[in-house]
Amino acid sequence: MSLEGLLNWPPPDRLLGRNQSPDASSSGSVFLITDTLQRSGSFLLHRFVARHLRLPAWAVTLVCISQQPAHYAAVHKKLGMHLSLHQKKHTFQAIDVFSRLADTVEPAPPRSSAAGSDAQADAQAQASDPVETLFEQIAASVASQLESVQSEDPDAAVKPCIVIDDLSMLLYAGMSPTQLVKLTMALCDLVIQRDGCLVVLAHDDCPDDQELVALNMWLARLSHVLLHVRPLESGVTDSVHGQLTVAIGPQSQWAADDSSSRSSRGVSAGTLLYRIADASVDWFALGSTRL
């Protein structure tokens with residue numbers, strides 16, 4: 001078993017049966033990846049980006065909060081994928097929040113007007129809301145990207161994949177859990193309306209941090225699939241770096257029988273061990289060092 005098996009990721013060029021699709025588990029889905037300081041889940045973000053860039057009629061937007069875009073370009077180059085080529089085709093774009101994190105969390109106050117009406121004051125307050133500002137930036141970038149792709153292929157029904165790395169950085173920078181849940185809910189609506197997917201990374205290794213616990217609880221409730229990256233329960237070994245648990249999220253469990261439910265997504269719950277190499281990830285079954 002592998003990550004691709006659990007997430008129902010068949011090769012994009014594989015011939016599939018009737019009513020099957022290589023992006024069945026992604027369309028209209030929200031994925032939450034949680035990790036710890038000891039075991040980062042960023043390697044999964046790279047796999048989500050690479051996966052959706054290989055799928056036809058998908059466009060990826062990477063929101064870089066914990067690293068600069070150049071970091072992701074270097075990592076994907078080692079994986080054999082040049083993001084610059086996808087940027088030229090408008091199927092990939094990176095939004096650099098990392099370089100202006102302070103301005104994102106605390107934007108400059110709007111200019112005051114002595115003759116301003118209550119409506120103008122409300123508009124100014126909304127414009128100064130960092131969550132509203134960040135969402136509008138992401139939404140506008142995604143809309144422009146999809147329009148560019150579709151202008152080259154008018155018949156293509158392009159789907160957005162928005163990847164957030166990582167949301168908890170905004171919490172550490174000063175945003176509240178309520179603000180971040182509001183942002184996530186807006187992004188969920190955006191991708192679901194377009195039959196796309198949202199992938200969110202967040203830390204989950206401090207049970208005494210009530211704000212972080214509250215944030216992760218709400219993020220989990222909004223998710224269709226949960227991926228938890230943790231150190232080995234049995235301790236550190238040289239041959240295995242950690243373990244990944246895939247679980248069905250509440251949104252899939254609450255889905256109606258006639259909608260995109262667990263059966264149509266094809267995602268399976270399970271736990272795998274993993275070892276990260278320079279340009280790949282090796283997966284192992286629990287209790288073994290073989291796939």
Side-chain angles (χ1 to χ4, degrees), residues 1-10 12 16 19-35 41-55 57-63 135 138-139 142 157-168 177 180-204 213-230 244-272:
M1 184 59 71
S2 64
L3 175 68
E4 289 75 13
L6 291 179
L7 294 185
N8 187 23
W9 281 0
L16 301 176
N19 297 327
Q20 290 184 319
S21 170
D23 62 0
S25 63
S26 294
S27 297
S29 295
V30 178
F31 298 85
L32 173 63
I33 303 171
T34 64
D35 66 0
S42 60
F43 73 98
L44 292 178
L45 295 182
H46 302 310
R47 297 183 76 85
F48 271 94
V49 170
R51 168 69 182 178
H52 289 85
L53 287 178
R54 293 189 177 102
L55 289 173
W58 279 82
V60 177
T61 296
L62 176 60
V63 183
F135 171 74
I138 296 173
V142 170
V158 186
K159 303 176 183 180
C161 172
I162 302 177
V163 180
I164 311 292
D165 180 21
D166 71 61
L167 196 66
S168 50
L180 296 179
V181 171
K182 176 183 175 183
L183 173 63
T184 305
M185 292 177 67
L187 292 173
C188 289
D189 290 341
L190 175 64
V191 297
I192 291 175
Q193 288 174 5
R194 297 177 178 267
D195 206 24
C197 74
L198 175 65
V199 183
V200 178
L201 174 67
H203 291 308
D204 185 21
V213 170
L215 173 62
N216 285 319
M217 179 189 69
W218 280 105
L219 293 178
R221 291 184 178 183
L222 296 172
S223 302
H224 295 86
V225 182
L226 309 173
L227 300 95
H228 305 298
V229 180
R230 298 291 185 268
L244 167 68
T245 299
V246 176
I248 306 300
Q251 291 298 320
S252 289
Q253 296 174 359
W254 297 334
D257 293 338
D258 59 348
S259 67
S260 295
S261 61
R262 285 169 287 175
S263 58
S264 59
R265 296 179 196 278
V267 176
S268 302
T271 299
L272 298 170

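Both backbone and side-chain heavy atoms feed into the values below; hydrogens, waters and symmetry mates do not. Throughout, residue positions are numbered sequentially from 1 according to the sequence presented.
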Nearest 0.5 Å please: distance from the [atom1] atom of [X] over to the [atom2] atom of [Y].
{"X": "Phe43", "Y": "His46", "atom1": "CZ", "atom2": "NE2", "value": "10.0 Å"}
{"X": "Leu62", "Y": "His52", "atom1": "CG", "atom2": "NE2", "value": "13.0 Å"}
{"X": "Asp23", "Y": "Arg51", "atom1": "CG", "atom2": "CZ", "value": "8.0 Å"}
{"X": "Leu44", "Y": "Asp35", "atom1": "CG", "atom2": "CG", "value": "9.0 Å"}

Search all heavy atoms of [X] against all heavy atoms of [Y] and return the closest pair with its distance.
{"X": "Pro160", "Y": "Trp58", "value": "O-CZ3, 3.4 Å"}
{"X": "Leu272", "Y": "Ser2", "value": "CD1-C, 3.4 Å"}
{"X": "Val267", "Y": "Asn8", "value": "N-CB, 4.4 Å"}
{"X": "Phe31", "Y": "Cys197", "value": "CE1-CB, 4.2 Å"}
{"X": "Val199", "Y": "Cys161", "value": "CG2-SG, 4.5 Å"}
{"X": "Ala269", "Y": "Leu6", "value": "O-CD2, 4.2 Å"}

Is there a side-chain contact between [X] and [Y], using heavy atoms and a 4.5 Å cut-off?
{"X": "Phe48", "Y": "Ile33", "answer": "yes"}
{"X": "Val200", "Y": "Leu222", "answer": "no"}
{"X": "Ser223", "Y": "Gln251", "answer": "no"}

Seminar exercise, completed: side-chain hydrogen bond (donor to acceptor under 3.5 Å, both in side chains) filter on Thr61, not counting sequence neighbours, yields Gln93, Gln145
Exercise. Without hydrogens or angle criteria, can the side chains of His228 and Thr34 be said to hold a donor-acceptor pair below 3.5 Å?
Worked result: yes
Problem set entry | For Leu201, the option from Asp166, Val163, Ile164 that meets side-chain contact (heavy atoms from CB on, under 4.5 Å) | Asp166
Problem set entry | side chain to side chain contact (heavy atoms under 4.5 Å, CB included) between Thr184 and Leu198, intermediate numbers included | CA-CA 9 Å; Thr184 305; Leu198 175 65; 4.2 Å; yes
Exercise. Got a salt bridge between Arg230 and Asp204, using NZ or NE/NH1/NH2 to carboxylate O under 4.0 Å?
Worked result: yes
Exercise. Should the pair Glu4-Arg47 be classified as a salt bridge under the 4.0 Å nitrogen-to-oxygen rule?
Worked result: yes
If you look only at distance, which donor and acceptor atoms sit under 3.5 Å apart when one is on a side chain in residues 185-192 and the other is two or more places apart or in another chain?
none

